[in-house]
Amino acid sequence: MTADTITAADIRINARWLIPIEPANTVLENQAIIIRGNRLAAIIPQTEADRSFRTRETVDLLHHVVMPGLINMHGHAAMALFRGMADDLPLMTWLNDHIWPAEGRFVSEQFIADGTQLAMAEMLRTGTTTFSDMYFFPEIAAQIAHDAGMRAQICFPLLDFPTPWGSGPDEYLSKGADFIDTWKADGYIMPAIGPHAPYTVSDGPMVEAARLSESSGAPIQIHLHETAFEVAEASEKLGKRPTTRLADLGVLRPETQCVHMTQIDDGDIGLLKQSGAQVIHCPESNLKLASGFCPTQKLLDHGINVAIGTDGAASNNDLDLFGELRTAAMIAKVVAADASALSAHKALEMATINGARALGRAHELGSLVEGKLADIIAIDLSDPFLQPVYDPASHLVYSNHGRSVSHSWINGVPQLQDGRLTRIDVADLMLRVEDWAGRIRTQAE
Ligand SMILES: [Zn+2]
């Protein structure tokens with residue numbers, strides 16, 4: 001466009017610093033981000049924007065770094081209502097004696113609605129604009145996310161046994177196919193298939209899940225190689241490691257997101273690479289449940305896409321993806337015995353463009369590039385704990401926590417303004433959360 005053409009647009013964000021993610025390792029200063037409708041119309045120096053655009057709203061972010069919204073690629077949103085309920089236990093004891101019984105007693109449509117909204121409030125407050133969810137009543141979670149204007153991949157659950165959402169694999173798969181049909185054209189919701197784990201889903205339903213993914217285009221997300229016990233048990237019972245079994249069943253594909261991937265050997269890495277499957281790293285959940293380490297730098301060196309997730313708030317116990325990035329970067333260095341492993345910029349990529357790739361949406365999400373969807377966050381660096389600023393990327397990963405996030409937009413719509421949520425009534429939500437907590441406390445006594 002020429003300097004004397006003035007174009008109308010909706011929102012102009014003046015950013016002190018900008019980390020667009022693409023191109024990589026880039027920090028720009030004094031840029032203007034121009035939003036028209038739900039897309040990024042331009043990212044240009046502020047002086048140039050003065051000559052080229054007239055917008056109905058200007059947001060001056062003088063002490064802030066602006067970047068794409070974060071993508072939390074794994075969680076169980078409504079479990080936020082179980083936050084801090086049962087800690088300091090090994091995975092199988094935690095599941096068998098605490099989480100699964102509590103889910104049996106409390107999980108209902110209303111529980112999912114309130115718990116998902118609690119999780120969304122925390123995620124929006126800490127910079128996440130897209131999240132992935134795998135839990136019961138996916139149609140309720142999808143509706144809640146859609147109504148709040150938050151982007152979400154919602155995986156319907158698939159297990160061998162009955163749960164509050166269905167009687168067994170046949171019912172999960174038929175309800176799941178309807179769920180995909182209902183939501184596949186939605187602007188915010190990405191329906192997906194969620195076989196829980198190799199040890200809870202037998203071969204038949206696993207193959208059906210792969211078929212449904214192939215016919216519908218919906219991704220698969222599965223917990224895989226979460227613990228040493230899972231891998232040892234499968235090797236003993238079936239004579240093969242879980243990753244090999246999934247590869248043999250045709251479940252490992254580019255549309256498959258493998259969550260956790262600790263305890264992996266070179267054979268597993270070869271299968272991930274060959275299949276083009278995605279890895280979702282959940283470092284804090286792996287630490288808290290003493291599950292092990294995912295060798296992120298090694299996977300990235302092999303050209304495998306690694307995105308990041310918090311897992312549910314019952315095993316983390318927060319949904320702050322910036323905190324997760326800090327942990328991921330620290331662990332990657334120790335595991336690789338190399339302080340240069342997973343640099344700050346690479347960590348930020350895990351929470352943005354790598355998440356978009358895992359979703360198959362890298363053409364629209366995960367970086368601030370003209371034409372992409374306007375999912376944007378701003379982080380206020382003016383607090384003493386973030387001063388002085390030599391390199392904003394360093395601060396975002398090593399010094400920050402998500403509560404410094406001050407603004408966000410999803411699809412060009414403001415979600416967070418000066419730290420206040422615009423689309424969720426927090427006071428009303430807190431009353432419902434307290435009501436659930438009272439009921440859960442009474443049952444636990
Ligand atoms: Zn999980």
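Indexing begins at 1, ligand by ligand and atom by atom, following the structure's order.
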Q) Does a side-chain heavy-atom distance below 4.5 Å link Met150 with Leu124? A) yes
Q) Has His74 got an N/O/S atom less than 2.8 Å from the Zn ion (ligand 1)? A) yes
Q. Which angle, to the nearest 10 degrees, do you find at the Zn ion (ligand 1) between OD1 in Asp311 and NE2 in His223?
A. 170°
Q: Could you label the plane-to-plane angle of the Phe156 and Phe179 rings as parallel, tilted or perpendicular, counting under 30° as parallel and over 60° as perpendicular?
A: perpendicular
Q) Is there a donor in the side chain of Tyr172 and an acceptor in the side chain of Thr163, or the other way round, less than 3.5 Å apart? A) yes
Q) Do His196 and Ile222 come within less than 4.5 Å of each other through their side chains, counting heavy atoms only? A) no
Q. Of all N, O or S atoms in His76, which has the smallest distance to the Zn ion (ligand 1)?
A. NE2
